[in-house]
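I have placed the structure first, in the form of structure tokens, so that the comments after it can refer back to it.
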Amino acid sequence: MLIRSKIVQKLHEITTKKGWDIAPENIVVEQPPKIQMGDFATTLPLALVKSLRRKPVDIANEIASEFSMDEVASVQPLPNGYINFFFSTPFLQSCFKSVLENPRGFISNPSGMGKKALVEFVSANPTGPLTVANGRSAPIGDAIANLLEIQGYHCDREFFINDMGAKAQKVAKSVFFYYAQQLHHPIPPPEEMYPGDYVPLLASSYIEKEGDALLHMPPEKAIEVLQEYCISKMISSIREDLEFFQIYFQSWFKESTLHDGYIQDTFQQLCSQKVVEEKEGAHWFLTTQFGDEKDRVLIRSNGLPTYLLGDIAYHRNKLERGYDLCVDVWGADQSHVNPLKWALEVLGFASDSLKTVTFQLVHLFRDNKEVKMSKSGGNYITLRDLLNEAGPDVSRFVYLSRSNEQHLNFDLDVAKNRDPKSPVFYAQYAFTRCKGIGREAEACQIDIPHRWDDVDISLLTNPSEIQVLRRFAIMPELLDRACSSLAPHLVTQDIHILANDFHSFYENCRVIDTTNIELTKARLLLVKGIEQLLSVLFAIIGIQTPERM
RNA sequence: GCGCCUGUAGCUCAGGGGAAGAGCAUUUGCCUUCUAAGCAAGUGGCCGGGGGUUCAAAUCCCUCCAGGCGCGCCA
């Protein structure tokens with residue numbers, strides 16, 4: 001149980017005993033803005049002012065005098081009606097011990113234990129390379145999967161390949177045009193030419209592999225062959241980009257596998273629930289029943305299923321594969337979240353079995369000016385370009401330092417220079433310093449303590465040492481917030497404050513001191529705790545733990 | 001026009017009923033000792049405007065202003 005919940009429970013016991021009427025969910029316990037103010041604070045006295053018709057400070061004093069918990073050493077009622085709580089030394093030490101024994105377990109809230117989750121992300125159309133814009137979903141989805149694993153879920157990552165779309169066909173037609181041109185049998189260009197340098201390259205790579213065979217078959221057949229070739233080629237290039245980003249998918253799910261009767265079956269199931277109606281030759285999902293502004297087409301008048309129906313079938317498939325939770329990471333331009341959720345409910349799935357995380361667009365800046373990107377205009381910067389310039393760690397950190405729902409302004413100049421002012425350097429530098437201390441200890445032939453019992457923790461009395469211990473104690477609360485809201489950027493923030501505490505400690509407390517071995521050992525253990533906790537947090541957002549910088 | 005997102009320090013952004021925050025920029029101290037890619041302190045704010053709910057609003061509601069995205073029998 002989180003310490004915060006324990007404090008709420010204790011406060012509720014007190015109010016109940018006194019006959020004051022307030023529900024536990026209305027008792028606010030939170031971290032004060034500054035750590036000097038305490039580890040937790042409550043505004044409970046203020047909430048009681050009206051019903052009790054008493055001064056906040058009096059209520060605060062009365063509650064504080066009744067409050068007693070092993071984990072809390074000091075309870076400070078304030079004149080403005082707040083009550084601040086400070087953790088007790090034994091509690092801080094027990095948290096420290098947990099950090100050393102099992103840092104990952106310490107920050108985990110195993111609410112997903114025994115459950116399976118599937119995170120679907122990126123799922124970019126296989127019609128071109130990943131860009132800096134749609135690449136945003138890569139670190140977000142990966143970090144969300146990591147957060148779910150922290151909660152005990154068995155989590156898989158899946159990439160949905162849209163291999164049936166009209167866009168894939170357009171690319172194939174454009175490639176066919178270049179193919180014929182390069183073989184000196186020019187044909188008229190297609191109505192819509194796909195821009196981008198990679199389009200003619202696809203043509204020449206096919207020529208290299210298969211020669212002019214396509215010229216000897218009917219154009220429709222040739223385009224079909226090319227379409228399949230282009231998709232597999234683009235997918236493997238996307239896969240390479242993602243692997244360079246150290247993102248790996250358990251499954252690559254092709255839309256076409258749903259077209260073998262599964263989509264039709266899903267459609268029939270919806271029909272049998274009486275939420276489908278035929279109008280103007282098409283079949284409509286009656287979403288206005290759920291409050292939608294208009295109904296949505298499931299099967300077009302030409303008999304082909306819409307994207308929505310395909311997506312409903314796909315999500316039904318995911319849930320039928322036994323996942324308790326499906327998370328989708330979607331760009332802000334996806335607008336069919338609600339119709340999809342309604343359909344899944346109609347099909348009998350729990351409404352909370354699908355969570356969607358949306359992310360806003362990315363704006364790129366170079367020389368303080370916005371770089372306009374447009375894929376259809378052939379003007380874009382690829383994810384690979386970014387990774388080559390900035391490296392995976394800086395890229396991840398920038399992507400994950402803002403809330404998903406914020407528009408992200410990505411400054412390419414910062415990335416390009418591998419700016420040492422970047423927050424990722426600050427965090428990784430803290431880790432490197434930990435490692436440096438370890439090397440120094442070895443050089444001085446000081447045994448690095450491995451067992452809790454080998455050291456005297458009570459020697460850690462410096463304010464910056466105490467602050468590190470207090471930060472350890474609060475870490476499970478911080479991670480719980482990140483997990484429950486599937487918000488990796490909060491982890492990025494937590495890393496920053498922990499790194500800050502460490503740098504401050506490093507400055508104030510010389511660790512290696514051959515004249516005071518006992519204190520040195522205690523501090524080495526503290527450094528080990530920080531190092532382990534940083535490793536776990538770095539792993540969540542997917543950045544490296546460098547030995548040296 | 002309708003829907004979603006956004007407006008917080010000079011810049012980029014966290015916070016999303018409770019005590020205004022971080023990084024960058026800027027000013028000033030701190031290296032013969034574990035990496036100064038660091039630490040410490042300072043400057044900088046009617047949290048877009050106005051109204052409402054509340055003991056309490058940057059946060060919730062209404063309205064206005066400004067920006068982004070979406071609004072096909074596209075995917």
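Hydrogens, waters and symmetry mates are skipped; everything else that's a heavy atom, side chains included, is used. Throughout, protein chains are lettered first and strands after them, A, B, ... in sequence-line order, and every chain is numbered starting at 1.
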Step through it carefully: locate the ring centre of A:F86, locate the ring centre of A:F40, and say whether they are under 6.0 Å apart. no
In terms of side-chain geometry, is the basic nitrogen of A:K318 or A:D328 positioned less than 4.0 Å from the acidic oxygen of its partner? yes
Salt bridge A:R4-A:E30, side-chain N to carboxylate O under 4.0 Å: no
If the glycosidic angle sits within 90 degrees of zero it is syn, else anti. Tell me which applies to B:C5. anti
Nucleotide paired to [N] in any strand shown, Watson-Crick or G-U, under 3.5 Å:
N     : value
B:U27 : B:A41
B:A57 : none
B:A36 : none
B:G72 : none
B:U12 : B:A22

May I ask you to verify whether the side chain of A:S504 and the base of B:C39 hold a donor-acceptor pair under 3.5 Å? no
Could you identify which residues of residues 75-84 of chain A place a heavy atom less than 4.0 Å from some atom of RNA chain B, listed by residue number, or say none? A:L78, A:Y82, A:N84
Separation between the P atoms of B:U12 and B:G29, rounded to whole Å: 30 Å
Nearest to the side chain of A:Q360, which nucleotide is it out of B:C39, B:C5, B:G23? B:C5
Residue A:R300, side-chain heavy atoms: nucleotide from B:C73, B:G15, B:C13 that is nearest: B:C73
Return the value, rounded to whole Å, for the distance between atom CD of A:E440 and atom C1' of B:U33. 9 Å
